[in-house]
Amino acid sequence: MSASTIKVTLPDGRELELEKGASLGDVARAIGPGLAKAAVAAEVDGRVVDLLHTLEHDARVRILTERDPEALPVLRHSAAHLLATAVRDLRPGAGIGFGPAIDEGFYYDFEVDEPFTPEDLEAFEKRMADFAAADDPFERRVVTREEARELFADDPLKLERLEEFDEDEVITVYRNGPFLDLCRGPHVPSTGRLKHFKLLNTAGAYWRGDEKRQMLQRIYGTAFFRKGDLEEHLRRLEEARKRDHRVLGKQLDLFSTDARVGPGLILWHPKGAIVRMEIENFERELILRHGYELVYTPHVVSETLFEISGHLENFRENMFGAMEVEGGRYRPKPMNCPGHIAIFQAQQRSYRDLPVRMAEFGTVYRYERSGVLHGMLRVRGFTQDDAHVFCTREQVSEEIERLLDLVDEMLAAFGYPYSIELATRPEKALGSPEEWEHAERTLAETLERRGLEYTVDEGGGAFYGPKLDFKLIDAIGRRWQGPTVQLDFNLPERFGLEYVGEDNERHRPVMLHRVLVGSMERFVGGLIEHYAGAFPVWLAPEQVRVLPISEQWTEDARAFTQTLVGAGIRATLDERDTLSYRIRDAEVHKVPYMAVIGEREAEAGTVAVRRRGAGRKQEVMERAAFVDRVLEEIRTKALDPA
RNA sequence: GCUGGCGUAGCUCAAUUGGCAGAGCAGCUGAUUUGUAAUCAGCAGGUUAUCGGUUCGAGUCCGAUCGCCAGCUCCA
C-alpha cells in the first residue's frame, strides 16, 4: 500500500483502500450509491463524526444512517442550528448561546430583549421549514483562534466560550445558509435532512447554568428522521400529560395541597391514604421478614444532634429554621440518620449484635426553593422509608446482597423493571482513596456475584461514600429514582460509633443508608402515573363497587357488600340513578371491579362481574368464587393484565 | 430564588374594544326503578386568589403580595 492511501475497515470486516484525506462521504460512496444517499454521519474508531470529516489514517468506519440510534443526536443538533438560523433571521439582534441535542430532542439558548411568545415559536418553526427546504449544506471549517474572534465579534457568548479553548484544541465552525456557529459538530450533510421537527416550549435558562449570570431564553424542540416517530413522540407527551399525577390526584381525590397549609406540603385524602397505607403495610411486613427492626424518632430535634452529624454545617440551606424552646434551639429533622445513630448508641454494642438494621417511616422536612416544587414529586415535607444498617466491614457484602433481594421483591410488587447504577468517588470526598476503592470494589463484586448488570456513574457518589442507585422504568418508559443504597464513611466517624469486637477491642462499624421507595410522596406520585390512576386491586382505594340493577335488589346487594367488607375487601354499594350512570361513574373512578346484581343473579345467588376497562365483557359467577378471586388478587398483589 | 405564563362556582371552562359574571359536570330537592360508560325537572352555588391604584364604570388596565404552571439551578 502506498503512502498516499489508507485502509478503512468496515463493520463486516471488509477493507477498503482510499486516498488519504478521503472524506466519510467518499467512504459511503465507495461502499455503494444507496448507502451514500442514506448516510447521515459516520462512526470512526468509535467516535461519531460527520460525512465531511476526512481520514488521514487507517480507521474502523461505520456509516450511520437513519436506522442507527447514534444518528439521532446528530440530526437533533443540526435541528438546533436550523432553529438558530430561523431565530437569527426573524430576530436579527438575537445573541446565541449553546444549542445541544438532549435526550428527547434539542434546545438552543438565545439572548434577546423581548422573551419569546408561543406565536414566535410558530413563526420560527415555519421559517425553519423554509431553510430546510433550501437544503443548504452544513459546511465545516477549521479556523484559527483569531479568525474565530473575528467571525464572532458580535457574539459575546461565543467569544466567551472561545476563550476556554486550549491552545492546541482544534476550533471548528459550521455554516448552513446564512447561519454560522462555533461548533464541534457533527452535523447531517444538509438542512434538507431536517423534515420532521417541532418546537415545544420556551423557558428562561441561565447562561452556563449559573444563576449569577444573565438569563437567556431557551427554546426546546424535538426532531426525528421519520414522521411516524415524531408523531409517536408527541403522542407519548400527550399520554404523559394525561397521566399527570396532579390531574389524576384531583380527579381521583387522592391528595391536595392548600396555600394555607403551605406550598410543598401534601394533604393525603382518604383514598390516597389507603394507597400509602397498603404500601407501608406491605413494606413493613417485608422488612421485618428481612431482619429489620422498627423504630420511631422525633420530628423536631435539638440542633445539638445536627451539629454533631454535620447537617447544620453542610445541609443548612435545606433545613427549616430553628425554633427556640427554653433556651434550646430545635429543628424539624431533614434526615432520619442521626436519630437512628442515637438509638444505636443508647447501649454498648457487641459484634454479636451486628448487623443492626433499623427502619423507620420517618417524616422529614427540607426547605426547597419555591420554583422547584412539583406536585407530590418535589415537596418540602415527605416520609422516607428510611433504614440504616450498622455492621462490620466484613459484613458489608452480605448486607448488600440482602438489600438486592429486598429491592427485587419490593419492585416486583409494583411491576417496575429497573436498572442499577454504581456511583463512585466524587471530586470532593471524605475518607481515603483506598477506603473508597475498597468500598466501590465491594459493591461492584457483590453485583457481579449476583450476575446483575450495572452501569457506573463516575463521580456520582455522595461526598461521604459510594452508592447504588436503582432506576425504575415505568409503564411508558420513563426512568424514576428508585431505591438507593449508600455507604457512609462520615457519620460513624463524627458520632464516634463503636462496637466491641471478638478481640475485646473497640471498632468502628460501617453504616449503610438505604431507602426502597425513597419518599412516600414521590413514590405514590410516580405510581399514579405508572398505573395512569388504575391501581391494581391490592392498592385500589375502592376495590369493588356493588351495583343493584333496581331498587328491588338493593337489599341483596347490600348484604353482598357486607360479605365483601367482612372478608376484608374495600367494597361500596352504589344505589343511585341508572345502571349505566353508575357503571360510568365506577369506570371514571377506575374501580377495578363492578359487581352487578339483578333478578337473575339474585335468584341464582350469583354476581355479574365487570372488570374495569373490559367493557361489556362480563362474567357471571358464584358469589363465594368472586370473593375468593378478589382476595387472591389482593394476596398475590396481581397486576392488571397488560 | 430567577425568567416567562397563568389564577372566574367543588371541577372543566365562557364572558366583544373596560359596560348587568355565565354554561356543563359535581352537589341538594323532587319525579323516574332502570341489565352494563351520563334519565328528567327544579334549586342552590361567586367580595372574579388577596390588597391597593387608574376610571363615571375593572374579571378585563397598572402595582404589590400569595399560589400554580413551563423551565433554569437543586434534589428523596
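The structure presented is a predicted model; accordingly, all values stated were derived computationally and were not measured. Every chain is numbered from 1 and lettered A, B, ... according to where its sequence line falls, protein lines coming before strand lines.
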Counting any heavy atom closer than 4.0 Å, what does A:R213 reach on the DNA or RNA strands: base, sugar-phosphate only, or nothing?
nothing
Name all residues meeting the salt bridge (charged side-chain N to carboxylate O under 4.0 Å, His left out) criterion together with A:D103; count only those two or more places apart in sequence or in a different chain, and write none if there are none.
none
Taking the side chain as every heavy atom from C-beta outward, state whether A:R514 and A:L406 have any pair of such atoms under 4.5 Å apart.
yes
Classify the ring geometry between A:Y365 and A:H299 as parallel (under 30°), tilted (30 to 60°) or perpendicular (over 60°).
tilted
Count the heavy atoms belonging to other residues, nucleotides or ligands that lie under 6.0 Å from CZ of A:R236, then report whether that count exceeds 12.
no
Separation of the P atoms in B:rU16 and B:rU60, to the nearest angstrom:
12 Å
Separation of the C1' atoms in B:rU17 and B:rG57, to the nearest angstrom:
15 Å
Is A:D113 atom CG crowded by more than 12 heavy atoms from other residues, nucleotides or ligands, each under 6.0 Å away?
no
Would you indicate what A:Y581 reaches in the nucleic acid, counting non-hydrogen atoms under 4.0 angstrom: base, sugar-phosphate, or nothing?
sugar-phosphate
When you measure from every atom of RNA chain B, which of residues 360-368 of chain A have a heavy atom less than 4.0 Å away?
A:R366, A:E368
Check every strand shown and say whether A:G209 touches a base, only sugar-phosphate, or nothing at a heavy-atom separation below 4.0 Å.
sugar-phosphate
For a quick check of understanding: with a heavy-atom distance under 4.0 Å over all strands, which category does A:V517 fall into, base, sugar-phosphate or nothing?
nothing
What interatomic distance, in whole Å, is found between P of B:rU47 and the corresponding atom of B:rU65?
24 Å
A:W268: what forms a ring pair (Phe, Tyr, Trp, His ring centres under 6.0 Å) with it, not counting sequence neighbours?
none
Could you measure between the two P atoms, the one in B:rU12 and the one in B:rG18, and give it in whole Å?
28 Å
Under the salt bridge (charged side-chain N to carboxylate O under 4.0 Å, His left out) test, residues paired with A:D469 that sit two or more places apart:
A:K467
Residues A:D109, A:W207; criterion side chain to side chain donor-acceptor pair (under 3.5 Å); working and verdict:
CA-CA 8 Å; A:D109 287 341; A:W207 169 234; over 6 Å; no
A:R611 bridged to A:E633 by N-O distance under 4.0 Å
yes
Could you check which residues of residues 250-281 of chain A get a heavy atom under 4.0 Å from RNA chain B? Sort them by number, please.
A:K250, A:A259, A:P263
Strictly below 4.0 Å, N to O, side chains only: are A:E104 and A:R478 in salt-bridge contact?
no
Mutual orientation of the aromatic rings belonging to A:Y108 and A:F110 [parallel < 30°, tilted 30-60°, perpendicular > 60°]
parallel
Could you check whether A:E601 gets within reach of a base, just the sugar-phosphate, or nothing at all, counting any heavy atom under 4.0 Å?
base
Give A:A586 one of three labels, base, sugar-phosphate or nothing, depending on what nucleic acid heavy atoms sit under 4.0 Å from its own.
nothing
Heavy-atom contacts under 4.0 Å between residues 611-623 of chain A and RNA chain B, which residues?
A:R616, A:Q618
Determine the contact category for A:Q481: base if any of its heavy atoms lies under 4.0 Å from a base atom, sugar-phosphate if only primed atoms, P, OP1 or OP2 are that close, otherwise nothing.
sugar-phosphate
Should the pair A:F535 and A:Y531 be assigned to parallel (<30°), tilted (30 to 60°) or perpendicular (>60°) ring geometry?
perpendicular
Keeping to residues at least two apart or across chains, list the ring-ring contact (aromatic ring centres under 6.0 Å, His included) pairs with something in residues 573-615 of chain A.
A:Y593-A:F626
Looking at every strand, decide which applies to A:R246 at a 4.0 Å heavy-atom threshold: base, sugar-phosphate, or nothing.
sugar-phosphate
Quick one: sort the A:H388 and A:H513 rings into parallel, tilted or perpendicular, breaks at 30° and 60°.
perpendicular
Any residue meeting salt bridge (charged side-chain N to carboxylate O under 4.0 Å, His left out) with A:R612, in chain and number order, not counting sequence neighbours:
A:D640
Using a 4.0 Å heavy-atom cut-off, does A:E587 contact any base of the nucleic acid, only the sugar-phosphate backbone, or nothing at all?
base
Lys/Arg-Asp/Glu bridge criterion (N-O < 4.0 Å) met for A:D556, A:R623
yes
Taking atom C1' in both B:rC20 and B:rA41, compute the distance separating them and give it to the nearest angstrom.
28 Å
First and last nt of RNA chain B near chain A, cut-off under 4.0 Å to heavy atoms, 5' to 3', are B:rG1 to B:rA76
Using atom P of each nucleotide, how far apart are B:rC66 and B:rA58 to the nearest Å?
26 Å
Just checking A:S580: base, sugar-phosphate only, or nothing, at a heavy-atom cut-off of under 4.0 Å?
sugar-phosphate
What integer number of Å spans the P atoms of B:rU39 and B:rA76?
49 Å
Salt bridge (charged side-chain N to carboxylate O under 4.0 Å, His left out) filter on A:R161, not counting sequence neighbours, yields A:E164
Give one of base, sugar-phosphate or nothing for A:V515, where a contact means two heavy atoms less than 4.0 Å apart.
nothing
Which part of the nucleic acid does A:D577 contact within heavy-atom distance under 4.0 Å: base, sugar-phosphate only, or nothing?
base
Please measure how far the P atom in B:rU36 lies from the corresponding atom in B:rA31, and state the result in whole Å.
26 Å
Could you write out RNA chain B as dot-bracket? Rules: Watson-Crick or G-U wobble, both distances under 3.5 Å, brackets [ ] for crossings, | for pairs with another strand, dot for unpaired.
(((((((..((((.....[..)))).(((((.......))))).....(((((..]....))))))))))))....
According to salt bridge (Lys or Arg N to Asp or Glu O under 4.0 Å), does anything in residues 245-256 of chain A pair up with another residue at least two apart or in another chain? List the pairs.
A:D244-A:R246
